[in-house]
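Below is one structure; the comments refer to it alone.
Residue numbers begin at 1 in each chain, while the letters A, B, ... track the order of the sequences. All values below come from the heavy atoms of this structure, side chains included, with hydrogens, waters and symmetry mates left out. Small disclaimer: the values here were computed from a predicted structure and weren't measured.
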Protein chains: 2
Amino acid sequence: MKEDKEITIYDLAKHLKISAATVSRSLKDHPGISKSTKKKVQEAAKEMGYRSNNFARNLRKQKTNTIGVIVPKLNSYFVSSAIAGMEKIANENGYNLIISQSLESVKKEIANTITMFNSRVDGLLVSLAYDTENMEHFDVFFDKNIPVVFFDRVYEDSRSLNVIIDNYRNAYDITKHLVDEGCQRIMHIAGNLTRNVYAERCRGYKDALRDAGVEFQDELLIVNELSEEAGKELGKKILQMQNKPDAVFVANDVCAANCMQIIKTAGYSIPGDIAFAGFNNDPISKIVEPHLTTVNYPCYEMGEMAMRNLIDHLTGDGSISTTNKIILRSEIVVRASSLKGKGNNQGLHIA
Amino acid sequence: MKEDKEITIYDLAKHLKISAATVSRSLKDHPGISKSTKKKVQEAAKEMGYRSNNFARNLRKQKTNTIGVIVPKLNSYFVSSAIAGMEKIANENGYNLIISQSLESVKKEIANTITMFNSRVDGLLVSLAYDTENMEHFDVFFDKNIPVVFFDRVYEDSRSLNVIIDNYRNAYDITKHLVDEGCQRIMHIAGNLTRNVYAERCRGYKDALRDAGVEFQDELLIVNELSEEAGKELGKKILQMQNKPDAVFVANDVCAANCMQIIKTAGYSIPGDIAFAGFNNDPISKIVEPHLTTVNYPCYEMGEMAMRNLIDHLTGDGSISTTNKIILRSEIVVRASSLKGKGNNQGLHIA
DNA sequence: TTTGTATTTGCAACCGATTGCATAAAAATT
DNA sequence: AATTTTTATGCAATCGGTTGCAAATACAAA
C-alpha cells in the first residue's frame, strides 16, 4: 500500500475527513480521543504506509531522542562490548545513538563534545580519553541541564552520574592473591594515574601490599599506555632488570598478554619465575598461555546500566540528581598465570 | 556570550535589523549575499552563540544527514574496527551514524532495517546476519532510491554497492601455502555457506586443492558458527577423528585459536602434527601459540571505504550506479602455526 | 425541555531553517 | 538624466507534527 510520496498526518486527516490534530493525538494514544476514532486512524495509518517524521516532531518538541556516546576507541574489547549493551537498551527505548571516538586525545574529545552539543543530543555517555584532565568542555551540557553519564573512565563531579566497578577492591584482591601465592616483588603496570581507573587500581595494589606487610617500591610501579606495543616494551624492560619481579600485575589484559610473550620467549617460566595478572577478562586472557588471571569486568552490563540510567533520567523516572555513582559487581578470576601452587586460592572461581 | 535560550536566525535577524532569509543565506555562504553582510552575520552568530537547528533544516530539506549502520555484532574485532573507520569518515563529512546490531538474527535485522527506514537515514551500511537469506527487507530502500552499501557479508545485487576483499584468492593462497608446507589432509572450517564470505573462502580452498592435485574430501569440510565455543567443539571433534588432518584452515581466527588450544592441550604439536591457519588477522592471532598464519583483513580501511563511497554517492560525486563492487587489498600473513619447515614460503611476509 | 457536565474534536499558532520569486538598491550604459 | 543591467535583500510559503484553548457534541441530571 506504500505510495511513492510520503504520507503525512494531513493526508490521513483528509482521507478520514477529520483534523490533523485528531490524527496526531490518535497516533500517540492521547486520552482525549475516543477509542473508535483512534482505531480508525491507526488502521488507516498502517494501510497508507504512514511513517512519522521525527524532524517535525523534534523541531516542535525540542527533543532529539538521540543519545551521544563518546569513547576513547571503538575497537577494543571493553568499548565494543559496552556499546553493544548500550545499543540494546537504547534500541528498546526508541533512542538513537550517535557514537564518536576521541582516539585517546583530549583535543578530539573536545571536538566531539561540540559536535554532540550541536547535534542537540538529549544526553551524553562518556568514557574519557587517556589524557583528559580538564572537564570544561562538558560545562555546556551541565549548564543546559543535559545529563551526562560517565562510565569506566570517569570524572568525579557532583553534576554527573558515574557508572564504574570497584577498581580499588579488585586490584586489592588480585594483589593479595599474588601475595598469597608467595610473591614478594610484585610489579604493577598502570595507565595514566590521573585517570580514575588506573589511580584506583594502583591504590588497591599499594594498600594490599601494605596490609600484607610487603613494602612498596617505586621501581616496581610503571606507567605506560597499556597497548600491545607497550606490553612488548615492558617485557623487554623486565628482561633487563637485574633484580626481577616475581609477579607482574598489569592494569589491562592486552598489555599483560603481550608482555608475557616476551618474557616467555626469553625462556622464563610463567608463573614459576614470574606470575602474571591482568584486568578486564578480555578474550585474549583465555588464549594466552598460561591463561591469565584477571578481573572479570562486566563490560556489556556496564553499557546497559549506563544507558538505562540515562534514559530513566530523561523520562523522569530517574534520579541522576540523587544517585551519583553506580558500582557494578566484578570479581577476580584466577587462572594458571598466577598459580604458583604454594598458596591457597580462597575459594575463588577458577576458570 | 551564550544565553540561556537558544538563538535562532530570527534573533540574529532582529539583532542585525535584516531579514531571516539573509541570515540563513549568509550563514551558508550563499553567493547572492554581499561579503560585508556575510561577515557581519557570521560574527554576530559566533558572538551570540548561535547553533543551527538540524531538525528545522532536515525538515525543510527532507534530508537527515544520518547514516544507518547494521552489523551482526558490535563486539568483534572486525566489526569494531570497521565501525571505527566509518565513524572517522562520517565525522569528517558532517554525517551522524546510527548503529544497530542484528545479533546474527534475520529477525532482528529486519526490525533494525525498519527502524532505520523510519529514522529516514540518508543511506545504509550493512553487513548481513549469519542466517539472512532473503533480502526483501531492503526493498523499501531500493524502492526509495536510498543507497545501501554492503560490506564484508554482502548480497549480490545490482542495486547496491559491495565492499569486500577477495576471499576466494586469499583462501586459495592460504590453502596453497599449506600444501606447499607439505600438508595433504587439509581440513576447512567454514561458516554458513550461503554467506558470500564463507562460500568464497570455501571455493578458494577447494580450487587450491584441485590445482595442487589433492583430492577434496567431504569429511574434511565442516561448517560451524566460528565462535569461541565452536572452536572448542571443533578441537574435540578433531581429537576424536581416527584419521586426523595434517592441517586445519579455519575461516576465522577466534575459532582457530580456540581450537588450537584444545588440540595442543591434548598433546599434539602445532604445526608438527597439525598445522593451522585462520582468517582476519585478529590480535588474538599474534598471542596464541604458535602464532597463527592468517589473512590480513583491512577492517578499518573497509569501514572507511564503505563510508566514503556512500557519502560520495549521496553528495553526487559518487557512482553506486556505475561501481558495483570494490575489492580491497588483503594478503596472507604466514606465521609459525603453519610452518612445517619443509616447504618454501614464496617470499611471503612473515610476521 | 432545559441546564449542566463530561467527552471529543478542531482551530491555529507554534518549532527554525530554506528558497522561489519579487523588489529594492547600486552600478553601468546610453 | 533616463534606462538597463547587475547585485543584494526581503516576503512569504513550506516542511510535518504538537498542543493550548475554544467549540461542538454527547450524555446526565433537574
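Under 4.0 angstrom from either OP1 or OP2 of D:dT18 there lies at least one side-chain N or O belonging to A:Ser24. OP1 or OP2 of C:dA17 sits under 4.0 Å from a side-chain N or O of B:Tyr50. Taking 4.0 angstrom as the limit, A:Lys28 places a side-chain polar atom (N or O) nearer than this to OP1 or OP2 of D:dT19. Between B:Ser52 and the phosphate of C:dG16, there is no side-chain N or O to OP1/OP2 separation shorter than 4.0 Å. A close approach under 4.0 Å does not occur between any side-chain nitrogen or oxygen of B:Thr22 and OP1 or OP2 of D:dA8. At the phosphate of D:dT14, neither OP1 nor OP2 sits under 4.0 Å from any side-chain N or O atom of B:Gln62.
When heavy atoms are screened at a 4.0 angstrom cut-off, A:Ile18 is found touching the sugar-phosphate backbone but no base atom. Heavy atoms of B:Arg57 sit under 4.0 angstrom from primed sugar atoms or phosphate atoms, though from no base atom. Contacts of B:Phe55 with the nucleic acid, taken as non-hydrogen atoms under 4.0 Å apart, are absent. Residue A:Arg51 is classed as a sugar-phosphate contact, given heavy-atom separations below 4.0 Å to backbone atoms only. A:Thr8 comes within 4.0 angstrom of sugar-phosphate atoms only, judged by non-hydrogen atoms across all strands, and of no base.
With respect to the salt-bridge test (charged N to carboxylate O, under 4.0 angstrom), the residues A:Arg159 and A:Asp139 qualify.
Residue whose closest nucleotide on DNA chain D sits further toward the 5' end, between B:His30 and A:Ile9: B:His30. Of the two residues contacting DNA chain D, namely B:Lys35 and B:Ala56, the nearest-nucleotide position lying further toward the 5' end is that of B:Lys35.
D:dG17 atom P lies 13 Å from atom NZ of A:Lys14, rounded to whole Å. For B:Ile33 and C:dT18, the CD1 to P distance is 13 Å, given to the nearest whole Å. For the pair A:Asn58 CG and C:dA17 C1', the computed distance is 15 Å after rounding to whole Å. Note: CZ (B:Arg60) to C1' (D:dG16) measures 12 Å, nearest angstrom. Rounded to whole angstrom, the span from the NZ atom of A:Lys17 across to the P atom of C:dC11 amounts to 15 Å. The distance between atom CZ of B:Arg120 and atom C1' of D:dC15, rounded to the nearest whole Å, is 11 Å. A:Leu59 places its CG atom 6 Å from the C1' atom of C:dG16, with the value rounded to the nearest Å. In this entry the distance linking CE of A:Met48 with P of D:dG16 reads 14 Å, nearest Å.
For the 3.5 Å distance criterion, the side chains of A:Asp122 and A:Thr64 qualify, holding a donor opposite an acceptor.
With B:Asn134 contributing its side chain and B:Glu136 its backbone, the two residues share a donor-acceptor pair below 3.5 Å. Remark: side-chain polar atoms of A:Arg25 are not paired, donor with acceptor, to backbone N or O of A:Lys38 under 3.5 angstrom.
Comparing D:dT18, D:dC11, C:dG16 by their closest approach to the side chain of B:Ala21 singles out D:dC11. When the nucleotides D:dC15, D:dG20, C:dC15 are ranked by their closest atom to the side chain of A:Arg25, D:dG20 comes out on top. Distances were taken from every side-chain heavy atom of A:Thr37 (C-beta onward) to each of C:dG16, D:dG17, C:dT9; the shortest belongs to C:dT9.
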Donor-acceptor contacts, no H, no angles, side chain residues 146-153 of chain A, under 3.5 Å, sequence neighbours left out:
residue: A:Asp152; atom: OD1; partner: A:Tyr297; partner atom: OH; Å: 2.4
residue: A:Arg153; atom: NH1; partner: A:Glu104; partner atom: OE1; Å: 3.1
residue: A:Arg153; atom: NH1; partner: A:Leu128; partner atom: O; Å: 2.8
residue: A:Arg153; atom: NH2; partner: A:Glu104; partner atom: OE2; Å: 3.0

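Remark: B:Arg51 qualifies as a cation-pi partner of A:Phe117 under the 6.0 Å distance and 45° angle criteria applied to the six-membered ring.
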